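Note that the structure is predicted; figures quoted are calculated from it, not measured.
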Amino acid sequence: MKPTPLPLAVSMGEPAGIGPDLVLLAWKNRKSLQLPPFYVRGDRALFESRAARLGLNVRMDDASPAEAGHAFSKSLPIVQTGPAIEDKPGEEQEETAHSIVTSIERCVEDTANGLAAAVVTNPINKAALYKTGFSFPGHTEFLGDLAKKHWPDQPANPVMMIAGPELMVVPVTIHIPLKDVPEKLEIDLIVETARITAGDLKTRFGYSDPHLAICGLNPHAGENATMGTEDRDVVAPAIAKLVDMGITATGPHPADTLFHAAARKTYDCVLGMYHDQVLVPAKTIGFDDSVNITLGLPFVRTSPDHGTAYSLAGTGSVRIDSFAASLRMASVLANPERL
């Protein structure tokens with residue numbers, strides 16, 4: 001038997017959402033979409049039920065991660081993880097929370113053990129998980145915690161990136177209320193986020209000298225401190241430190257003039273001070289084909305840039321562009337020589 005590339009480990013995601021639909025449609029269209037081999041950790045009965053609901057003829061086989069690469073061409077490999085789950089599109093089931101979390105944990109564990117090339121996560125509903133004791137603000141923070149467990153001797157400082165064909169962005173603060181951003185925003189946080197971003201753009205994306213454009217926090221980047229002093233006292237000193245470190249960084253830039261077509265030609269990635277400052281333009285420009293990537297980890301993780309979309313689950317009307325892009329991106333980032 002010829003050796004095959006390591007497959008990607010795909011988490012089940014929220015079973016009431018479109019995660020199962022995406023997995024089934026991706027495998028069904030694997031050749032036309034030029035997808036790398038992958039397996040999903042979840043409940044086979046759930047996927048069989050969703051396939052029947054969607055009218056998809058998808059062969060599925062129980063497999064181990066080690067068998068998945070060879071099985072992928074003829075069947076969707078499923079590594080049974082957790083108990084049986086009833087297929088109820090759009091209806092949260094509290095009892096599935098443990099399986100959702102376990103699926104993510106096992107995917108990371110497989111990657112740490114050399115059984116998978118990278119992790120691709122399907123969307124989860126964090127609010128539903130909070131009810132059962134899940135304590136992390138989101139995937140990004142949870143994956144950082146898992147990295148520290150499996151790679152205790154390597155740094156794990158997770159940074160969230162949304163990457164599309166026309167725009168890459170990174171928020172410095174992520175899943176916190178907007179009112180808390182000014183207090184959390186510190187020079188060292190901006191510097192560390194930018195350092196990790198620039199480093200991964202070099203080592204994983206192949207940029208020799210990545211150009212980072214740094215947003216100001218306030219309108220007009222503070223208008224010479226007349227609309228807030230954070231850009232003068234926090235953002236600007238952080239940029240100066242980055243330049244001293246040899247990182248190409250400019251700003252603080254007014255965010256409202258940074259995302260039009262001409263401006264996008266002047267940088268490789270934008271760092272914003274808060275979540276919506278950069279995710280709104282990123283998803284507006286490339287909603288269907290952007291990818292959520294976690295930088296700063298000792299393993300590669302990608303995800304589609306959308307949520308669970310309960311209303312579309314089981315309807316057959318989902319678009320798989322972002323999920324397919326996540327699979328392709330994970331394979332490339334895990335094998336940087338393919339850039």
Over 12 foreign heavy atoms within 6.0 Å of [atom1], [X]:
{"X": "Gln154", "atom1": "CD", "value": "yes"}
{"X": "His211", "atom1": "NE2", "value": "yes"}
{"X": "Asp244", "atom1": "CG", "value": "yes"}
{"X": "Asn57", "atom1": "CG", "value": "no"}

Taking atom types as modelled, is there a side-chain donor on [X] or [Y] under 3.5 Å from an acceptor on the other?
{"X": "Thr294", "Y": "Arg301", "result": "yes"}
{"X": "Asp43", "Y": "Gln80", "result": "yes"}
{"X": "Thr248", "Y": "Asp209", "result": "yes"}
{"X": "Glu92", "Y": "Tyr310", "result": "yes"}
{"X": "Thr257", "Y": "His260", "result": "no"}

Residue that, paired with His306, satisfies side chain to side chain contact (heavy atoms under 4.5 Å, CB included) out of Leu22, Asn292, Asp321: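 Passing option: Leu22.
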Qualifying residue, where the test is side chain to side chain contact (heavy atoms under 4.5 Å, CB included) with Pro36 and the options are Leu327, Leu6, Val332: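 Checked Leu327, Leu6, Val332 against Pro36; only one passes side chain to side chain contact (heavy atoms under 4.5 Å, CB included): Leu327.
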Are any of the side-chain nitrogens in [X] or [Y] under 4.0 Å away from the carboxylate oxygens of its partner?
{"X": "Lys74", "Y": "Asp61", "answer": "no"}
{"X": "Lys241", "Y": "Asp188", "answer": "yes"}
{"X": "Asp110", "Y": "Arg106", "answer": "no"}
{"X": "Asp305", "Y": "Lys283", "answer": "no"}

Checking the side chain of [X] only, and the main-chain atoms of [Y] only, is there a donor and an acceptor separated by less than 3.5 Å?
{"X": "Glu141", "Y": "Gly138", "value": "yes"}
{"X": "Ser326", "Y": "Ser303", "value": "yes"}
{"X": "Glu67", "Y": "Ser64", "value": "yes"}
{"X": "Ser49", "Y": "Leu46", "value": "no"}
{"X": "Ser103", "Y": "Ile100", "value": "no"}
{"X": "Thr81", "Y": "Val79", "value": "yes"}
{"X": "Thr102", "Y": "Ser99", "value": "no"}
{"X": "Arg41", "Y": "Ile104", "value": "no"}
{"X": "Thr111", "Y": "Cys107", "value": "yes"}
{"X": "Asp288", "Y": "Ser322", "value": "no"}

Taking atom [atom1] of [X] and atom [atom2] of [Y], what is their separation to the nearest 0.5 Å?
{"X": "Ser135", "Y": "Asp145", "atom1": "OG", "atom2": "CG", "result": "8.0 Å"}
{"X": "Thr173", "Y": "Ile176", "atom1": "OG1", "atom2": "CD1", "result": "4.0 Å"}
{"X": "Leu185", "Y": "Glu183", "atom1": "CG", "atom2": "CD", "result": "11.0 Å"}
{"X": "Leu258", "Y": "Cys215", "atom1": "CG", "atom2": "SG", "result": "5.0 Å"}
{"X": "Ile247", "Y": "Ile214", "atom1": "CD1", "atom2": "CD1", "result": "9.0 Å"}
{"X": "Ile174", "Y": "Met160", "atom1": "CD1", "atom2": "CE", "result": "6.5 Å"}

Close side-chain approach of Glu223 and Thr226, heavy atoms under 4.5 Å: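 Yes, side chains in contact.
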Check against side chain to side chain contact (heavy atoms under 4.5 Å, CB included), Leu295 and Thr197: CA-CA 7 Å; Leu295 309 178; Thr197 301; 4.0 Å; yes
Nearest heavy atoms of Ala198 and Leu212, plus distance in Å: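 Result for this residue pair: CB-CD1, 4.2 Å.
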Sub-6.0 Å ring centroid separation between Trp27 and Phe38: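 When the ring centroids of Trp27 and Phe38 are compared, they turn out to be at least 6.0 Å apart.
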Stepwise side-chain hydrogen bond (donor to acceptor under 3.5 Å, both in side chains) check, Asn122 with Glu14: CA-CA 7 Å; Asn122 265 303; Glu14 168 56 62; over 6 Å; no
Ring pair (Phe, Tyr, Trp, His ring centres under 6.0 Å) involving Phe47 - partner list, sequence neighbours excluded: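 With sequence neighbours excluded, Phe47 shows a ring pair (Phe, Tyr, Trp, His ring centres under 6.0 Å) to no residue whatsoever.
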Aromatic ring pairing Phe142/Phe134, orientation class (parallel under 30°, perpendicular over 60°, tilted between):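 Aromatic pair Phe142/Phe134 classed perpendicular.
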